[in-house]
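Here the structure comes first, spelled out in structure tokens, and everything after it is commentary.
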Amino acid sequence: MILAVACDPANKPLKSVNDGVNAPVGFSRVEEAVDGLIVGHRLMAGGEYELALRAYNRAAVDQGFSVDVLSALGSANLRLGRLGQAKQFLDLAVKKDAEFVPAWNNLGVVLSNQQQYGEAERVFRLAFALDSGKSDEIRANLTQAIANLEESRYSSVNNNNNFALVRRGNGRYLLLKS
């Protein structure tokens, strides 16, 4: 195993992390930063999903992987089209708190996007029940999932039965596979 060591070309020792230029006069040291979840939520609302994901990662470092942080990470990944990662975070969120409605709803959205309509419908029903039917968004998602499920049932019927009706005379017809 080879380890690379960072060093100055003149073989001088590296400076300490805290050595460097001081902040300009009048600037105070920031002791407490804004909550990463709040920043992330605002960035999500503004459509800045990659930046929101970074803010949620900072929140995970500061707060740990709470259900709120896991759900937020899942939501940001969902918006970025990273369905596998979104599903992993949302699965962890609902395992941590089985009654956290936003995580269930977003998990249903991921499953719908993965064309797992049966599972998405089940998850939306659960979210709808946990929410007591208050959310119009969850109701719309459930309605769409049911429609997708019905449509997939009809379109999944194997219609490879290509038959032709052939007239044999005197009012007789023969059904032949073509």
Side-chain angles (χ1 to χ4, degrees), residues 3-4 6 16-18 20 23 27-158:
L3 297 175
S16 168
V17 173
N18 294 328
F27 284 90
S28 61
R29 184 175 180 89
V30 176
E31 297 296 331
E32 188 175 319
V34 178
D35 182 6
L37 275 176
I38 294 171
V39 172
H41 293 334
R42 289 178 182 164
L43 288 166
M44 288 286 285
E48 295 291 339
Y49 309 122
E50 192 67 50
L51 293 174
L53 184 60
R54 289 181 187 175
Y56 292 146
N57 281 323
R58 281 194 311 276
V61 170
D62 293 340
Q63 303 172 20
F65 285 102
S66 68
V67 67
D68 291 317
V69 170
L70 289 168
S71 180
L73 287 166
S75 300
N77 277 294
L78 171 61
R79 291 296 194 145
L80 289 167
R82 301 171 185 162
L83 300 180
Q85 291 174 348
K87 186 174 184 304
Q88 287 176 345
F89 283 117
L90 293 167
D91 280 337
L92 289 171
V94 298
K95 284 179 186 168
K96 191 169 275 269
D97 182 355
E99 295 184 4
F100 194 68
V101 175
W104 282 113
N105 182 59
N106 288 339
L107 181 58
V109 172
V110 169
L111 293 167
S112 288
N113 283 321
Q114 292 177 331
Q115 298 180 348
Q116 297 178 18
Y117 301 125
E119 186 66 12
E121 186 255 350
R122 183 192 69 78
V123 167
F124 284 132
R125 279 191 194 278
L126 180 59
F128 190 73
L130 289 171
D131 189 51
S132 301
K134 295 178 200 167
S135 171
D136 292 335
E137 180 183 269
I138 296 173
R139 180 182 293 114
N141 287 343
L142 176 58
T143 303
Q144 184 63 47
I146 292 169
N148 288 342
L149 185 59
E150 290 300 317
E151 185 179 312
S152 70
R153 285 181 183 160
Y154 289 122
S155 66
S156 67
V157 174
N158 196 357

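Values below: all heavy atoms of this structure, side chains included; hydrogens, waters and symmetry mates excluded.
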Distance-only polar pair, side chains of N141 and E137, donor-acceptor under 3.5 Å | no
Is there a side-chain contact between [X] and [Y] (heavy atoms, below 4.5 Å)?
{"X": "Q144", "Y": "S112", "result": "no"}
{"X": "Q88", "Y": "D91", "result": "no"}
{"X": "F128", "Y": "N105", "result": "no"}

If you draw a 6.0 Å radius around CD in Q63, do more than 12 non-hydrogen atoms from other residues or ligands fall strictly inside?
-> yes
If you take all heavy atoms of [X] and [Y], which pair is closest and at what distance?
{"X": "F124", "Y": "G108", "answer": "CZ-C, 3.2 Å"}
{"X": "P102", "Y": "S71", "answer": "C-OG, 4.3 Å"}
{"X": "G40", "Y": "A52", "answer": "O-CB, 3.5 Å"}
{"X": "F65", "Y": "K96", "answer": "O-CE, 3.0 Å"}
{"X": "A72", "Y": "L37", "answer": "CB-CD2, 3.9 Å"}
{"X": "A60", "Y": "V69", "answer": "CB-CG1, 3.6 Å"}

Distance, nearest 0.5 Å, that separates [atom1] of [X] from [atom2] of [Y]:
{"X": "N148", "Y": "Q116", "atom1": "CG", "atom2": "CD", "answer": "13.0 Å"}
{"X": "E121", "Y": "T143", "atom1": "CD", "atom2": "OG1", "answer": "10.5 Å"}
{"X": "L53", "Y": "L43", "atom1": "CG", "atom2": "CG", "answer": "10.5 Å"}

Donor-acceptor pairs are to be reported for all side-chain atoms of residues 76-84 against protein atoms at under 3.5 Å, with residues two or more places apart or in another chain.
from : atom 1 : to  : atom 2 : distance (Å)
N77  : ND2    : L73 : O      : 2.9
R79  : NH1    : Y49 : OH     : 3.4
R82  : NH2    : E50 : OE1    : 3.0

Step by step, work out the side-chain contact (heavy atoms from CB on, under 4.5 Å) result for L130 and F100.
-> CA-CA 8 Å; L130 289 171; F100 194 68; over 6 Å; no
Answer yes or no: is there a donor N or O on one side and an acceptor on the other, between the side chain of R125 and the main chain of L142, under 3.5 Å?
-> no
Is a donor on one side and an acceptor on the other found under 3.5 Å between the side chain of Y56 and the backbone of H41?
-> yes
Identify which one of V110, N106, N113, L92 satisfies the side chain to side chain contact (heavy atoms under 4.5 Å, CB included) criterion when paired with K87.
-> V110
Can you list the steps and then say if R58 with V39 is a side-chain contact (heavy atoms from CB on, under 4.5 Å)?
-> CA-CA 10 Å; R58 281 194 311 276; V39 172; 4.2 Å; yes
